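I have placed the structure first, in the form of structure tokens, so that the comments after it can refer back to it.
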2 protein chains.
Amino acid sequence: MLTNVRSDRVKSVRSLSRRSVRERTGRFVVDGPQGVREAIRYAAERVDDLYVTTAAAERHDDLVAGASAAGIHVHETDEAVLAAMADTESPQGLLAVVSARTHTLDDVLSAGPRLLVLLSAVRDPGNAGTVIRGADAFGADAVLVTDGSVDVLSPKVVRSTVGSLFHLPVVTGLDAKATLDTLSGHGIRTLAADGVGTTLLPDVDVSTPHAWVMGNEAWGLPEELRAQCTDVVRVPIHDRVESLNLAMAATICLATSAGATRHT
Amino acid sequence: MLTNVRSDRVKSVRSLSRRSVRERTGRFVVDGPQGVREAIRYAAERVDDLYVTTAAAERHDDLVAGASAAGIHVHETDEAVLAAMADTESPQGLLAVVSARTHTLDDVLSAGPRLLVLLSAVRDPGNAGTVIRGADAFGADAVLVTDGSVDVLSPKVVRSTVGSLFHLPVVTGLDAKATLDTLSGHGIRTLAADGVGTTLLPDVDVSTPHAWVMGNEAWGLPEELRAQCTDVVRVPIHDRVESLNLAMAATICLATSAGATRHT
């Protein structure tokens with residue numbers, strides 16, 4: 001049982017809340033039962049350590065047994081150690097340290113994707129996480145993220161994906177302009193979702209490969225990037241509302257692409 | 001210029017972050033330019049006071065002029081006073097104290113609504129705010145909220161509605177069971193949005209009056225309430241994803257009702 005909140009191990013795990021440390025070590029933290037469960041199910045070979053309190057080990061005995069069976073180092077800790085390791089106030093008794101996997105745009109394109117999302121300069125962790133979860137829920141083949149965006153391995157993003165991060169490739173560090181060119185070159189239509197669009201969502205053809213392109217929360221997508229896209233699409237909303245937030249717009253576009261809202 | 005962070009006025013505004021004080025005084029706080037702008041535009045007669053820093057008064061001179069023209073008391077404050085009044089760390093220089101308006105279910109029903117949302121035991125402020133914003137964006141006639149739910153006049157909810165709170169009636173303090181009965185009695189179909197539903201969203205008839213019923217974030221809608229609804233509807237998602245979060249599911253259902261996703 002780990003009980004020393006000042007140990008090097010605790011400091012080392014805690015330091016993964018810093019982007020620079022994640023980038024140097026290639027590791028990140030997943031906390032909470034849902035995220036940890038998906039990490040073990042879909043990426044057990046990358047789970048380096050699982051830390052669990054006695055209470056959580058009892059509550060999630062199947063999860064802990066699965067981790068042990070997969071050869072993951074399981075460490076029992078007291079509540080104080082787990083809290084000291086975590087970035088959140090209530091880590092729910094479970095925390096895993098996972099090695100990041102690097103996906104490339106080439107990998108994604110070689111699989112012949114039909115539905116993609118490109119996040120360009122998206123800064124809010126909750127938005128990025130919600131979009132990754134939505135992309136997963138609606139069967140997107142990958143999420144692409146530009147280098148000016150939030151780090152998708154930050155604790156807040158990881159938490160808000162609730163495990164979806166392990167379900168589909170997330171490619172990071174991309175240049176927006178070059179990526180739009182590459183997508184077009186592969187016959188993938190690029191659809192900017194933006195309140196200034198003149199094409200309405202119900203009029204969009206979602207039957208052929210396409211990528212939803214989402215810009216920054218505050219200033220949207222720069223004009224030169226919008227101009228580069230195949231089309232700029234607006235979700236029709238009531239006049240009195242200025243805009244939908246990014247996560248809502250992305251969710252609706254993805255659900256539409258998946259046919260989750262299509263009327264028979 | 002108000003500069004005394006320890007004044008009774010500052011304490012009085014700050015105390016509105018507490019639900020008990022809001023309920024006793026019938027007043028609440030709106031902060032940030034978008035929310036304040038909508039309050040002035042749609043409910044100027046209920047805006048008792050507007051507090052604004054010198055910098056924000058310059059940045060939003062049209063808004064301040066509009067407030068003055070509407071007879072609202074405008075008080076210039078320094079940054080410290082505004083920060084002390086607000087519940088948030090960055091109130092963006094503008095804060096209004098507004099008198100709450102009480103809407104009743106009878107008022108809403110007498111207007112012959114076609115699209116409603118009922119939030120039952122929804123606890124997260126961000127979710128409640130996002131649903132109110134989505135209801136507004138997709139032309140819902142009102143949002144109904146049960147008495148076990150988050151207070152929609154709490155600063156976090158108000159902030160996340162970004163002004164939508166002033167666009168449509170929000171009825172609070174309702175009993176879920178009685179409300180479902182009343183809606184049915186008025187010929188309004190009640191559609192529980194829940195991952196356990198067997199009816200898929202694309203198969204739902206949204207052409208006649210209906211209410212989306214959203215349950216608690218963690219445990220959903222209790223079985224007895226689901227059973228009382230006309231139908232239990234599921235947004236079709238990929239098997240590997242356990243569920244959509246409440247705000248995402250509500251947004252998709254509302255967008256579908258509004259025809260915002262319908263293919264031509």
Side-chain angles (χ1 to χ4, degrees), chain A residues 33-35 37-38 41-42 115 126 129-140 160-164 166-168 195 200-207 218 233-245 247-264, chain B residues 33-35 37-38 41-42 115 126-127 129-140 160-164 166-168 195 200-207 233-245 247-264:
Chain A
Q34 284 181 287
R37 189 180 298 277
E38 298 307 284
R41 188 176 292 167
Y42 288 86
L115 178 60
T130 302
V131 173
I132 292 171
R133 191 173 178 187
D136 183 21
F138 296 113
S160 61
T161 72
V162 206
S164 285
F166 302 104
H167 293 169
L168 79 174
L200 295 180
L201 178 60
D203 299 329
V204 172
D205 173 15
V206 295
S207 67
V233 177
R234 175 164 58 92
V235 180
I237 57 173
H238 202 292
D239 287 344
R240 66 193 171 197
V241 180
E242 193 179 299
S243 64
L244 294 173
N245 75 34
M248 293 167 81
T251 298
I252 293 169
C253 292
L254 286 163
T256 300
S257 292
T261 64
R262 190 190 302 256
H263 291 268
T264 50
Chain B
Q34 284 181 287
R37 189 181 298 277
E38 297 307 284
R41 189 175 292 166
Y42 288 87
L115 178 60
N127 279 338
T130 301
V131 173
I132 291 171
R133 191 174 178 186
D136 183 21
F138 296 113
S160 61
T161 71
V162 205
S164 285
F166 303 103
H167 294 168
L168 80 174
L200 295 180
L201 178 60
D203 299 329
V204 171
D205 173 15
V206 294
S207 67
V233 177
R234 175 164 58 91
V235 180
I237 57 173
H238 202 291
D239 287 344
R240 66 193 171 195
V241 180
E242 193 179 298
S243 64
L244 294 173
N245 74 35
M248 292 168 81
T251 298
I252 293 169
C253 291
L254 285 161
T256 300
S257 292
T261 64
R262 190 190 303 253
H263 291 268
T264 49

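Just so it is clear, the structure is predicted and the values come from calculations on it, not from any experiment. By convention in this document, chain letters (A, B, ...) are assigned in the order of the sequence lines, proteins followed by strands, and residues within each chain are numbered from 1.
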Exercise for the section: May I ask you to test the B/Leu244-B/Ile237 pair for a side-chain heavy-atom distance under 4.5 Å? Expected result: yes

Handout entry: Under 4.5 Å from a heavy atom of chain B, the part of A/Asn245 involved
Key = both

Exercise for the section: Return the set of residues passing side-chain contact (heavy atoms from CB on, under 4.5 Å) with A/Gln34 (not counting sequence neighbours), or none when no residue passes. Expected result: A/Val162, B/Glu242

Fill in the blank from the handout: Heaviest contributor of heavy-atom pairs below 4.5 Å to chain A, chosen from B/Pro236, B/Ala260, B/Ala258, is B/Ala260

Problem - Which portion of A/Ala140 sits near chain B, non-hydrogen atoms under 4.5 angstrom - result: backbone

Completion exercise
Hits for salt bridge (charged side-chain N to carboxylate O under 4.0 Å, His left out) against B/Arg234, two or more places apart or cross-chain, chain-then-number order -> none

Exercise for the section: Tell me, out of B/Gly134, B/Ser243, B/Ala250, who's got the most heavy-atom pairs with chain A below 4.5 Å. Expected result: B/Ser243

Handout entry: Non-hydrogen side-chain atoms of A/Thr261 and A/Ile252 separated by less than 4.5 Å
Key = no

